[in-house]
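Take a look at the structure set out below.
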There are 2 protein chains.
Amino acid sequence: MKRRTKKERQQLLLQTIEENPFVTDEQLAVQFNVSVQTIRLDRMELSIPELRERIKDVAEKNLENEVKSLPLDEVIGEIIDIELDARAISIFDVKEEHVFQRNGIARGHHLFAQANSLAVAVINDELALTVRANVLFSKPVKAGDRVITKATVRGQNTEKNRTYIDLISTVNNSVVFKGEFEMYRTKGKGENDETSY
Amino acid sequence: MKRRTKKERQQLLLQTIEENPFVTDEQLAVQFNVSVQTIRLDRMELSIPELRERIKDVAEKNLENEVKSLPLDEVIGEIIDIELDARAISIFDVKEEHVFQRNGIARGHHLFAQANSLAVAVINDELALTVRANVLFSKPVKAGDRVITKATVRGQNTEKNRTYIDLISTVNNSVVFKGEFEMYRTKGKGENDETSY
DNA sequence: CTGGTGTTAGTACCAAGTGCTAATACATAT
DNA sequence: ATATGTATTAGCACTTGGTACTAACACCAG
């Protein structure tokens with residue numbers, strides 16, 4: 001192992017720990033052919049926490065993901081207000097994982113998912129399925145944006161068991177997404193009121 | 001805190017650690033009103049590893065998940081055939097996590113996501129965004145179904161930088177989803193050598 | 001009273017550190 | 001040539017959250 005300069009070593013150190021957070025100072029010292037103390041000084045300068053903290057961070061991150069990925073699959077966006085068969089509002093915070101790396105713009109299906117989830121939720125029925133949707137992505141959404149989606153139940157066709165819902169998503173009061181959803185439901189509006197909530 | 005029997009305590013210990021693997025023996029001792037040594041003996045009998053090992057286990061598990069969840073977010077469905085700016089085919093296996101628990105029918109946004117991903121992929125450009133989509137969910141899809149989606153590029157409006165794509169998804173040769181997507185792209189078909197932007 | 005089970009206390013030791021002081025090497029500037 | 005600064009190394013005390021082990025005590029049953 002050739003002895004690198006401080007800068008080179010620290011650069012490699014960052015990479016190495018990034019790739020494998022489970023490596024000890026001792027192992028790193030051997031790898032870079034320096035003393036353990038040097039590794040410690042390097043970590044300090046680079047503000048890299050000690051092994052146990054790194055492992056803990058990874059563990060905590062994973063625990064977050066667990067909490068995140070389950071409801072994320074269930075309902076996209078957090079429903080903050082709902083009046084069944086009338087209207088509903090949800091918010092969705094766009095994160096790095098929702099955007100194209102190349103340009104930082106949110107993938108369309110995430111916005112669709114938020115709207116679709118809300119359309120399902122607003123329907124006061126056990127069974128609600130999307131039959132048709134016409135959507136328009138009017139403005140790009142970026143990571144860090146908070147998307148607020150409002151659903152309004154527009155009408156019904158009781159014979160065909162259909163409910164029509166309008167959806168509008170905004171970021172900072174600017175419309176980013178519009179959609180008209182045709183939903184299928186088993187029962188008509190108002191037939192579910194035996195058990196009043 | 002009432003003093004439980006050994007069995008009760010060990011039962012609760014298992015639960016407690018399961019819920020929060022980050023708890024130390026000392027905290028547990030306080031919680032159960034016994035000595036630290038007792039907690040250690042309990043852990044031995046129950047073969048529960050020490051705090052650091054538990055955290056490490058969580059961290060390692062999460063690292064596995066990372067590999068799994070990333071490509072899942074990147075493209076929904078596996079692209080098995082593609083001819084840029086012409087057509088593409090992807091398959092998507094519907095799993096339990098994609099369906100409503102209540103009725104076992106796939107949530108619409110997963111089918112939309114597969115179609116949307118494919119529409120983005122078929123466009124031979126750095127930047128492709130969904131502008132508008134009209135979709136029809138013609139038949140419910142269930143867990144275990146293999147959805148095959150075909151994308152066909154229908155036309156273009158070079159002035160407006162738009163590309164029109166038709167999508168059809170089938171399960172066992174039966175159509176479950178149809179969509180017309182209007183996509184925005186930076187450059188026209190075949191113009192990808194120019195630096196027009 | 002003796003034995004078994006459960007619990008507690010205490011000691012020595014370990015890994016992987018932090019925090020601090022001191023020594024050394026080496027090049028650069030004056 | 002001597003001083004200054006940076007990089008590196010060594011050593012020691014201390015910390016956390018343990019393991020491994022021994023000894024003691026309480027209490028209940030035979």
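What you see is a predicted model, and the numbers here were worked out from it, not measured in a lab. Sequence lines set the chain letters: A, B, ... in the order given, protein chains first and strands last, and positions in each chain run from 1.
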Protein-nucleotide distance (A:Lys6, atom NZ; D:dG5, atom P), rounded to Å: 15 Å
A:Arg107 versus A:Val99, closest heavy-atom pair with distance: NE-O, 4.1 Å
Nearest-nucleotide pick for B:Thr24, side chain only, options being C:dT18, D:dT9, D:dG18: D:dG18
Nearest-angstrom distance from the residue atom CD of A:Glu8 to C1' of D:dA7: 15 Å
Residue of the set B:Thr16, B:Thr38, B:Asp42 for which side-chain contact (heavy atoms from CB on, under 4.5 Å) holds with B:Phe32: B:Thr16
Contact nearer the 5' end of DNA chain D, comparing B:Met44 with A:Leu41: A:Leu41
Protein-nucleotide distance (B:Arg40, atom CZ; D:dT22, atom P), rounded to Å: 17 Å
Side-chain N or O of A:Ser35 closer than 4.0 Å to phosphate OP1/OP2 of D:dT8: no
Sugar-phosphate, base or nothing in reach of B:Arg43, heavy atoms under 4.0 Å: sugar-phosphate
Heavy-atom neighbours of A:Glu26 CD exceed 12 at 6.0 Å: no
Integer-rounded Å distance: D:dG17 P and B:Lys56 NZ: 17 Å
Phosphate contact (D:dT8 OP1 or OP2) by A:Arg9 side-chain N/O below 4.0 Å: yes
Integer-rounded Å distance: C:dT7 C1' and B:Asn33 CG: 12 Å
Length of the line joining A:Arg52:CZ and D:dT16:P, which is rounded to integer Å: 11 Å
Distance, rounded to the nearest Å, where B:Glu26 contributes CD and D:dT15 contributes C1': 13 Å
Whether B:Phe112 and A:Phe112 hold their rings parallel, tilted or perpendicular, with breakpoints at 30° and 60°: parallel
Residue mapping more 5' on DNA chain C - nearest nucleotide basis, A:Arg54 or B:Asp42: B:Asp42
Pair B:Phe137 + A:Phe181: ring centers closer than 6.0 Å: no
Sugar-phosphate, base or nothing in reach of B:Gln37, heavy atoms under 4.0 Å: base
Atom-to-atom span, NZ of A:Lys7 to C1' of D:dT8 - whole angstrom: 18 Å
Selected nucleotide, minimal atom distance to B:Leu51 side chain, candidates D:dG17, D:dA7, C:dG17: D:dG17
Closest to the B:Asp25 side chain, choosing from C:dT18, C:dT7, D:dG18: D:dG18
